[in-house]
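One structure is given here, and the rest of the page talks about it.
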Amino acid sequence: MAKNKTVFVCNECGAETPRWAGKCNSCGAWNTLVEMIKTKTSTKNSLHMTGQNSRPVLLNEVISDNEIRFSSGIRELNRVLGGGIVPGEMVLIGGDPGIGKSTLLLQMAIQLARNGVRVLYATGEESVQQVKMRSERLNGANVEMHLVAETDVDLIISYLNQIKPQIVIIDSIQTLMTNDLGAAPGSVSQVRESAGRLLKIAKTMEMAIFLVGHVTKEGSIAGPRVLEHMVDCVLYFEGDSYNSFRILRAVKNRFGSTNEIGVFTMAESGLEEVGNPSAHLLSQRDAAAIGSVVTATIEGTRPVLVEIQSLLTETIYGTPRRMTNGVDYNRTAMIMAVLQKRAGLYLGQQDAYVNAIGGIRVTEPAADLAICLSIYSSLHNSTISRSLLAIGEVGLTGEIRAVSQIQLRVAEAEKMGFKSVIIPSNCTENLTKKYLVEIIGVKNINEALSKI
Ligand code: TYD
Ligand code: MG
């Protein structure tokens with residue numbers, strides 16, 4: 001019988017220390033150390049793939065994953081996964097509560113089961129009846145799919161051995177536990193051990209496992225960081241709960257690019273794919289609004305047109321307020337400073353609110369010029385032509401800097417019916433094709449402001 005040893009484990013990073021402390025030595029977080037019993041099984045590292053089947057092979061003899069990928073039945077999800085599901089991969093999906101993780105995975109499970117794939121959906125958060133009700137809402141109540149409400153990971157693994165599914169969905173990893181450990185479900189050791197045991201069976205039996213993971217207030221997946229290192233693919237499902245727009249983003253993908261995003265809207269009967277995000281984002285655009293300018297950003301490999309809105313009002317209190325939603329706060333503050341210094345706009349006594357419309361988050365500097373123009377428009381209470389689009393990064397000297405993939409952006413603007421596009425002047429030579437839209441190249445913000 002192995003001797004049980006007590007260790008303290010950090011809930012944030014999973015680091016172990018023999019003694020309790022108020023602050024974790026490894027990640028510096030406070031009050032995160034919890035006591036747990038370290039039994040023999042937990043010391044045996046189940047994450048490592050050891051065994052007789054590990055022998056060196058020649059690289060050129062290994063069969064590539066691409067040939068054996070299969071479709072998840074949801075185009076936008078395939079795109080984010082790098083083309084489809086790879087057998088044996090483990091995917092972690094994180095996101096705020098209520099964003100639609102369970103809905104997305106159940107929808108995928110239904111599609112796959114319809115196509116004759118063996119699927120097991122294990123839930124620790126809902127009853128089988130609740131899942132049934134949800135599947136009725138998703139019009140998939142009569143598919144042949146295995147369903148189990150269970151939190152014991154060892155039992156789940158025994159079901160996997162019986163049923164031998166090709167796809168497994170675990171909702172969620174934080175509810176799983178093994179009786180071999182003394183700790184409570186959701187604790188670092190339980191999450192790590194459960195995921196480790198599942199990973200082992202995923203790799204040996206070539207089944208793809210999708211784990212739902214809860215997200216902490218700070219936005220990281222609750223539980224040990226090691227979870228994100230263990231899995232092959234980490235996806236975040238984001239969007240705000242007041243808006244139906246949802247974006248699935250890959251933050252790690254061993255089998256594809258992390259640049260891709262999948263776009264959905266949450267509807268009455270589940271998630272709907274948005275094939276044309278630009279049309280969706282511009283659908284509610286007002287005829288001639290003051291302070292509104294559209295820009296073209298690149299999300300993954302796709303151009304997406306986003307409306308930027310600004311509202312400037314005179315400051316009532318001593319310090320002017322600045323608020324942003326969907327665009328970077330610091331970047332906007334910098335752009336306002338440039339406008340004040342280089343274009344002579346007096347913004348020191350103005351409250352400024354700058355939003356990206358539609359629940360999308362714009363992180364690209366290519367949106368700078370549109371932010372500039374929308375602030376200018378709001379300050380002077382003048383409308384900017386509805387058919388004008390602005391692309392360009394703004395530098396500290398007021399210069400408009402080149403952006404990547406200009407052809408894609410301009411082509412999207414043309415497709416969506418814009419008449420003219422303001423772009424950085426040193427991008428104009430990259431436009432080799434003839435476009436129907438008028439191309440206006442500008443060198444600095446003063447030139448851009450004079451063109452509108
Ligand atoms: P859910 O998938 O349960 O979120 P998560 O698993 O990420 O916590 O999504 C729940 C939300 O989605 C809930 O607020 C209701 C909404 N919803 C719809 O609008 N339509 C639907 O068809 C379904 C199933 C859910
Ligand atoms: Mg859920």
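Nothing here was measured: the structure is a model prediction, and the numbers come from that model. Note that ligands are numbered from 1 as they come in the structure, with each ligand's atoms numbered from 1 the same way.
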Under-4.0 Å heavy-atom contact between protein and atom 15 (C) of ligand 1
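Answer no: nothing from the protein, no heavy atom, is under 4.0 Å.
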Should [X] and [Y] count as an ion pair when the cut-off is N to O under 4.0 Å?
{"X": "E412", "Y": "K415", "result": "yes"}
{"X": "E76", "Y": "R302", "result": "yes"}
{"X": "K101", "Y": "D96", "result": "no"}
{"X": "R118", "Y": "E144", "result": "no"}

Can you confirm whether [X] sits close enough to [Y] that some side-chain heavy atom of one is under 4.5 Å from a side-chain heavy atom of the other?
{"X": "T383", "Y": "S377", "value": "no"}
{"X": "C233", "Y": "K252", "value": "no"}
{"X": "E393", "Y": "S404", "value": "no"}

Just one of I357, N355, V354 clears the side chain to side chain contact (heavy atoms under 4.5 Å, CB included) bar with N325, so which one?
N355
Is G270 in contact with ligand 1, taking contact as a heavy-atom separation below 4.0 Å?
yes
Value rounded to 0.5 Å, distance of CD1 in I391 from OG1 in T295
6.0 Å
Which of the ligand 1 atoms, numbered from 1, are nearer than 4.0 Å to a heavy atom of [X]:
{"X": "P97", "answer": "8 (O)"}
{"X": "E268", "answer": "20 (N), 21 (C), 22 (O)"}
{"X": "T103", "answer": "1 (P), 2 (O), 9 (O), 24 (C), 25 (C)"}

How does S102 reach ligand 1, by side chain, by backbone, by both or by neither, if only non-hydrogen atoms under 4.0 Å count?
both
For R134, which part has a heavy atom under 4.0 Å from ligand 1: side chain, backbone, both, or neither?
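For R134, the contact with ligand 1 is made by the side chain alone.
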Report yes if some N/O of A267 lies less than 3.5 Å from some N/O of ligand 1; otherwise report no.
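Yes, A267 has an N/O under 3.5 Å of an N/O on ligand 1.
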When you compare ligand 1 with M266, is there at least one nitrogen or oxygen pair between them that comes in under 3.5 angstrom?
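M266 vs ligand 1: no N/O contact under 3.5 Å.
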Taking atom 4 (O) of ligand 1 as the reference point, the nearest protein heavy atom with its distance
G100 N, 3.1 Å
Suppose we measure from atom 18 (C) of ligand 1 to each protein heavy atom; which comes out shortest, and what is that distance?
R137 NH2, 3.3 Å
Which option, S135, S269, G95, G98, owns the non-hydrogen atom nearest atom 5 (P) of ligand 1?
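Comparing heavy atoms across S135, S269, G95, G98, the nearest one to atom 5 (P) of ligand 1 lies in G98.
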Look at S102 and state whether any of its N, O or S atoms is less than 2.8 Å from the Mg ion (ligand 2).
yes
